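Worth saying up front: this structure is predicted, and the values here are computed from it rather than measured. Residue indices begin at 1 and follow the sequence shown.
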Amino acid sequence: MYKTPCSRLSGFVGVSVKQKLARNVPRCNQIARSLIQLHRRDPSNWLTYQHFNFLKRQYVSKNTSELHQRAIPKQAPVLTIVDERDDSVERQVERVPTINPAATDAGPQAEDATHKPQDKLSILKHTAENATAQNVSVSHMTGTPDEPPHVQVETEEEKQARLDRQWKQLKVDRADLPDIYARLSKIKLTALVVTTAAAGFAMAPVPFDPVMFFVSSLGTGLASCAANSINQYFEVPFDSNMNRTKNRPLVRGQISPLHAVSFALACGVPGVALLTLAVNPLTGFLGALNIFLYTCCYTPLKRLSITNTWVGAVVGAIPPVMGWTAATGCLEPGALLLGGFLYSWQFPHFNALSWNLREDYSRGGYRMMSVTHPAMCKRVALRHSLGLIGLSTLAPVLDVTTWTFPIISLPINLYISYLAFRFYHKGDRSSARKLFFCSLWHLPMLLLLALTCKKYSSNQEGAALPRAFLPLTFPAS
């Protein structure tokens, strides 16, 4: 069999393709010139964006070596109008009609490769007219620009309700200042601090001095008000995220930060000065130290480490020591024992409280044991509840109370230890709530029992007054 070489075959194919192209060039030039002349005569037939959009929706398929052209009908858009009175409701107005079927064939129709350009232009023109008709119908549905826009009239009740939902700074009323100051200073916590300081003063083995008692209690209360006010000043951004603290005066804007700081200084400076000058320098130093620990150590540590609980326990243990030093003028083992009672009592009290506020503390960004270390939270509460039994036994050893105190305080210490054990074992909200409410009456009961079992010294009747109140004596000349 004779085989044509590859070079001859390729040359033959190339010559045939060239001849076909040479025959089609004049015809293409003629079609292009006719199109240009037609569009120059009638500007309405110019190709616009609608024509290109129509051509974009077409596709060409090949079937049995013939070209078939079919237009994809565009999905009919739905015009919706949103009612301004209710953003969640949309009403369907009218469906825009689809493209005229005359422009889109129901099925593929075979067309010759030499289809006349006049037919194509008629199809494009018809499609443009349909698009123009659709635009006119849409403009009629949306309304003429001469119509006035819809304006919703707001009633007085709706306006007042909208303003109530918005955040706004409240005006300061002088009649509300006592209540604002009470909440700014955490009056309940301040009352607890003053009560523990008074218990320390009463437990001191010296004669009771009512004037000294009143002055020391007043100075301790002022120092506590200053510390609590500064604490709220620092925690405004975080208190606003917690349900428990979102209604504090600074969070709600009832008073300005400058007003709160001024109130803190007005309480702190006279309080520390009163403890230092009217009582003794040691008590004044403890008062200033407590303000520093609470505002500069405990407050920032709440967002950094769980050691804030131990620092806060030290802060709570200082007031009974201040009461003891206010009565005696010196730091003795009995004062440290009373501070130990407050130190250990705070762990079952606060851990049970924070257990039911874990979500709130997490929202505020505070690192508490109940949030980051729940197992440690329960374990520490049980450990310090049992520690109260040991401290009660240590009281008569240090000659603070008689041996009756460990016996009569054993039932309440065992009960709080039992509740702490249930909290450690179950770890639910109910057990935490019971332990917290038990701690509220356990502390005053424990201090009252210690006061009834107070051990009086043999020479208490002739005990000397504190050095600050000793009369001045001059040697005889």
key: Ion pair check, Arg244 and Asp360, cut-off under 4.0 Å   = no

request  = For the residue pair Gln254 and Arg183, confirm or rule out a side-chain donor-acceptor distance under 3.5 Å.
outcome  = yes

message = Looking only at side-chain N and O atoms, does Ser431 offer a donor or acceptor that is under 3.5 Å from a partner on Asp428?
response = yes

task = Just say parallel, tilted or perpendicular for the rings of His384 and Phe347, cut-offs at 30° and 60°.
result = parallel

query = Are any of the side-chain heavy atoms of Val279 and Leu274 separated by less than 4.5 Å?
reply = no

Minimal non-hydrogen separation, Leu449 against Thr452, with atom names = O-OG1, 2.7 Å

query = Are the side chains of Ile306 and Met368 in touch, meaning some heavy atoms are under 4.5 Å apart?
reply = no

request  = Examine distances only and state if a side-chain atom of Trp324 and a backbone atom of Leu331 form a donor-acceptor pair shorter than 3.5 Å.
outcome  = no

ask   = Looking at side-chain heavy atoms only, is the closest gap between Lys455 and Thr401 below 4.5 Å?
value = no

ask   = How about Tyr415 and Cys438: do any of their side-chain heavy atoms sit closer than 4.5 Å?
value = yes

query = Is there a side-chain contact between Leu286 and Leu275, using heavy atoms and a 4.5 Å cut-off?
reply = no

request  = Taking the side chain as every heavy atom from C-beta outward, state whether His373 and Arg379 have any pair of such atoms under 4.5 Å apart.
outcome  = no

task = Could you tell me whether a side-chain N or O of Ser409 sits under 3.5 Å from a main-chain N or O of Phe405, the two making a donor and an acceptor?
result = yes

inquiry  = Tell me whether Phe238 at atom CZ has more than 12 heavy atoms from other residues, nucleotides or ligands lying less than 6.0 Å away.
reply    = yes

request  = Indicate the ring-plane relationship of Tyr181 and His259, choosing parallel, tilted or perpendicular according to the 30° and 60° boundaries.
outcome  = perpendicular

request  = Taking atom types as modelled, find out whether Asn241 and Lys246 have a side-chain donor-acceptor pair closer than 3.5 angstrom.
outcome  = no

message = Both conditions, 6.0 Å and 45 degrees, for the charged tip of Lys378 above the ring of Phe423: are they met here?
response = no

task = Report yes if some heavy atom in the side chain of His442 is under 4.5 Å from a heavy atom in the side chain of Asn413; otherwise report no.
result = yes

inquiry  = Taking the side chain as everything from C-beta on, heavy atoms only, tell me whether Ile408 gets closer than 4.5 Å to Cys453.
reply    = yes

inquiry  = Could you measure the distance from the CZ atom of Arg303 to the CZ atom of Arg367? Nearest 0.5 Å is fine.
reply    = 10.5 Å

request  = Begin from the C-alpha positions of Phe350 and Phe436 and carry the test ring-ring contact (aromatic ring centres under 6.0 Å, His included) through to its verdict.
outcome  = CA-CA 8 Å; Phe350 181 75; Phe436 171 73; 9.7 Å; no

key: Any donor-acceptor N or O pair under 3.5 Å, side chains Asn228, Thr190   = yes

key: Heavy-atom closest contact (Gly287 atom, Met322 atom, distance)   = CA-CE, 3.7 Å

task = Considering non-hydrogen atoms only, spot the tightest contact between Ser392 and Leu446 and give its length.
result = OG-CD1, 4.1 Å

ask   = With distance as the sole criterion, is a donor-acceptor pair present between the side chains of Asn280 and Thr325 under 3.5 Å?
value = no

key: Salt bridge flag under 4.0 Å for residues Glu359 and Arg429   = yes

ask   = Centroid-to-centroid, His349 to Phe437, below 6.0 Å?
value = no

